[in-house]
Amino acid sequence: MQYGHFDDDRREYVITRPDTPLPWLNYLGTEDHFGIISNTAGGCSFYRDARLRRLTRYRHNNAPLDLGGRYLYLRDDLDGDYWSPSWQPTRSSLDGYECRHGLSYTSISSERRGVRAEMLCFVPLGESLEVWRLRVRNGRGERADLSLFSSVEFCLWDAMDDATNFQRNYSVGEVEVVDGVIYHKSEYRERRDHFAYFACSEPLAGFDTQRDVFLGSGRGWDSPLAVERGQSFDSIAYGWAPIGSHHVRLLLAPLETRDIIFVLGYSENPAEAKFDPSGSQTINKAPVRPVIERWLRAEQVEKAFVALSKTWEELLSVLQVETPDADTNRMVNTWNPYQCMATFNLSRSVSFFESGIGRGMGFRDSSQDLFGSVAMVPARARQRILDLAATQLPSGGAYHQYQPLTKRGNNEIGSGFNDDPLWLVLAASAYLKETGDLTLLDELIPYDNCPGTETPLSEHLERCVRYTLDRLGPHGLPLIGHADWNDCLNLNCFSETSGESFQTTQNREGGVAESLFIAPQFVLACKELAGIVRLRGESDMASSLEAEADQMVAAIEEHGWDGEWFLRAYDFFGVPVGSRSNEEGQIFAEPQGMCVMAGVGISDGKAAGALESVRDRLATEHGVVLVQPPYTRYHIELGEITSYPPGYKENGSVFCHVNPWIMIAETILGNGQAAFDYYKRTNPSARAPISDVHRCEPYVYAQTIAGPDAPTCGEARNSWLTGSASWHLTAISQWILGVRPELDGLRIDPVLPSSWRGFTARRRWRGATYEIVVHQEEGATGRVRRLLVDGTSVEGNLVRPVPAGSTVKVEATLERG
Ligand code: BGC
Ligand code: NOJ
């Protein structure tokens with residue numbers, strides 16, 4: 001069952017009924033100002049940091065699930081009938097409803113009793129504000145006497161405080177209403193120099209800023225008293241819950257259409273010029289007034305909307321493909337890179353599933369998010385690498401998270417997730433392969449943001465590798481610390497007390513738990529770094545990195561092989577995890593993918609054996625599950641993974657992030673059909689026909705899909721902000737379609753499903769355009785055997801970089817082996 005369809009030409013997903021199984025979200029904003037918006041206009045808005053600069057409230061964990069948003073009400077003033085054109089919060093019946101989620105905009109339209117309303121929301125490029133354009137059309141044969149009410153509920157800036165510190169919050173709120181503009185200025189009188197504003201293009205019939213006056217005693221957003229009675233109260237908030245609501249009277253002639261624009265923005269003043277007149281407590285509005293005026297103009301909004309679309313076309317033009325598979329084309333050309341940009345911008349901070357309060361920017365998350373976005377935003381990716389490196393500790397370790405506003409490491413969670421630093425090497429490598437910009441390595445960057453500790457970035461990367469070597473366990477494998485990529489495999493925690501953090505509570509001294517995830521990750525990182533330093537002429541360093549990698553490979557082969565697959569870990573007591581000797585949790589997906597990616601066991605059949613075990617034991621119709629059999633009870637020595645019921649999250653769901661590793665591993669062994677079969681199982685667009693089972697948005701990846709051991713098998717959870725986005729794009733574009741940037745050229749190495757006769761791709765790389773045509777002979781399952789570059793035959797499958805601005809025609813043929 002479906003709740004809508006793709007409009008590929010417009011790069012939109014069109015939701016045709018409002019009661020989707022879960023709120024289906026989109027993101028507004030591309031740079032500093034962001035928002036989430038659901039298909040019924042729910043969501044919040046924030047400037048740069050979802051925790052520390054939250055403009056509007058969104059109540060996670062509420063009922064109905066998606067409450068708080070950009071809510072408009074239309075009211076027929078002749079008989080008092082009122083409704084929400086976005087369905088929520090009144091949920092009145094609508095004669096038509098359509099939500100179009102597009103690239104950084106959402107448009108929701110509906111009709112009731114002949115009045116059509118279409119609300120378009122987006123954040124203009126370069127601005128710290130959202131624009132909502134409401135287009136109302138009176139389709140009746142007679143005049144419509146309407147009232148329009150807007151509403152937002154302001155957040156008192158720090159979303160954590162806002163949700164908890166009520167003894168203060170209920171007394172701190174302040175607003176100003178001047179010339180029809182509602183200004184939210186809580187705490188402006190003291191240390192904040194910023195405020196929010198909410199403006200409307202029409203003359204007002206009234207306004208409200210005190211929530212409980214607008215709503216009326218005992219009422220909710222579904223039936224505000226002001227709307228019901230058809231007149232605002234002109235309330236001014238002193239404490240309690242400041243809101244912004246405009247009341248506009250609309251008299252529309254038959255068939256008349258009117259555009260009404262609302263602007264919700266964020267503004268900062270210099271501390272010394274906060275007040276006007278100075279010495280007063282009134283916001284100095286001189287700087288913001290022209291901004292408001294500009295954005296209330298229809299032509300300005302139209303122009304900005306066109307500019308936004310152009311920017312997206314430009315970003316997406318980095319890679320466009322035409323393959324025989326519509327789900328592949330749709331995801332690769334539009335939705336997958338789009339989701340990658342959301343993860344790049346927001347890490348794991350705010351979605352329907354992330355409150356925007358707790359997580360900040362994850363070190364490993366942001367490093368991996370960069371893989372999927374570096375081609376689109378190389379300059380921003382470069383800065384991200386430097387920001388991440390600046391939170392690195394002198395030991396080479398890394399804070400697990402940092403706050404985007406301050407860019408400081410987050411002390412609460414601290415460091416000691418021993419995979420973290422190695423991701424920085426892989427991120428830097430992805431950047432260098434994309435851009436060829438070796439100057440990155442010479443950037444002087446401090447440790448833990450401490451001035452005076454700067455070293456070149458290259459040394460940061462060396463310390464990342466050294467960090468692992470300084471922490472090897474009894475089998476010569478990397479110590480796991482709090483956790484590796486799998487945050488829930490907590491082998492040093494031993495928590496008996498509910499509520500303790502599984503990651504940061506450690507009850508035993510001297511843990512020797514080792515990770516067979518970090519081991520192959522280390523091999524990969526060493527190989528990547530070796531390639532980089534060799535390019536800089538440091539061949540001794542390169543050889544020594546390769547020697548370290550070889551030694552780790554030897555340790556994996558000796559101590560990391562269980563007979564039919566790679567082990568997952570050794571626990572605190574030196575007992576294998578992910579072994580057939582275990583009763584539960586006998587095989588994990590992560591080391592099978594990672595070891596093959598690191599080149600372990602390719603020549604002696606271990607790699608092939610591991611992937612066969614994945615097929616036999618972990619593959620389901622919904623994708624590859626993380627572990628089998630899942631844990632049925634709490635294992636204190638394994639930690640959080642065993643806290644989830646079987647089939648959910650890390651305990652045996654299809655953990656989407658891991659699936660691309662298996663796909664990539666299959667391509668490395670030349671199994672194009674297997675790789676692509678896996679690809680289709682998790683592809684959101686391919687899952688759209690089972691939206692009632694999948695339940696999350698069919699246009700973006702989710703973190704998990706419940707596994708076969710779960711009662712709700714096939715149900716996705718935690719969509720949008722997940723490393724699945726970046727890794728799926730990497731797997732399909734670089735390994736299955738095989739268009740892969742390397743340090744010295746663009747590798748053309750497709751490993752395709754056998755039924756394909758080929759595909760075409762257009763890739764922008766280092767300023768040049770590569771027009772790629774791939775042919776696959778019938779029955780061919782092999783690699784590229786013939787490569788023509790601008791008509792000239794080339795040895796191997798590497799296309800050397802050409803000058804920026806040029807266009808190169810590349811023709812590759814995969815022949816029968
Ligand atoms: C959560 C895990 C999650 C991880 C992310 C844990 O505390 O419960 O399920 O994947 O954090 O960092
Ligand atoms: C989600 C976290 O954001 C990520 O860092 C982690 O690797 C996965 N969960 C797996 O636990």
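Atoms considered below: every heavy atom in the structure, side chains included; atoms not considered: hydrogens, waters and symmetry mates. As the structure lists them, so they are numbered: ligands from 1, and atoms in each ligand from 1.
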Trp720-Phe352 aromatic ring centre distance below 6.0 Å: no
Near-ring test His101/Tyr13, centroid separation under 6.0 angstrom: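 Centroid distance Tyr13-His101: not below 6.0 Å, so no.
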Asp365, Thr343, Asn718: member with heavy atom nearest to atom 5 (O) of ligand 2: Asp365
Shortest heavy-atom approach to atom 8 (C) of ligand 2 - which of Phe417, Trp423, Phe363, Trp485: Trp485
Ligand 2 contact by Gln703, heavy-atom criterion under 4.0 angstrom: yes
Per-atom contacts, ligand 2 versus Glu650 - under 4.0 Å to a heavy atom: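 Per the distance check, 9 (N), 10 (C), 11 (O).
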Element-labelled atoms of ligand 2 that are located less than 4.0 Å from some non-hydrogen atom of Asn486: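 Selected atoms, number and element: 11 (O).
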Close side-chain approach of Phe572 to Leu491, heavy-atom, < 4.5 Å: no
For ligand 2, the portion of Asp487 having any non-hydrogen atom under 4.0 Å away: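 Both parts.
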Arg580/Glu564 salt bridge by N-O under 4.0 Å criterion: yes
Ion pair Arg615/Asp677, N-O distance below 4.0 Å: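 So Arg615 does not pair with Asp677 through a salt bridge.
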Single hit among His400, His482, Gln401, Gln392 for side chain to side chain donor-acceptor pair (under 3.5 Å) with Asp420: His400
Heteroatom proximity flag, His657 to ligand 2, N/O under 3.5 Å: no
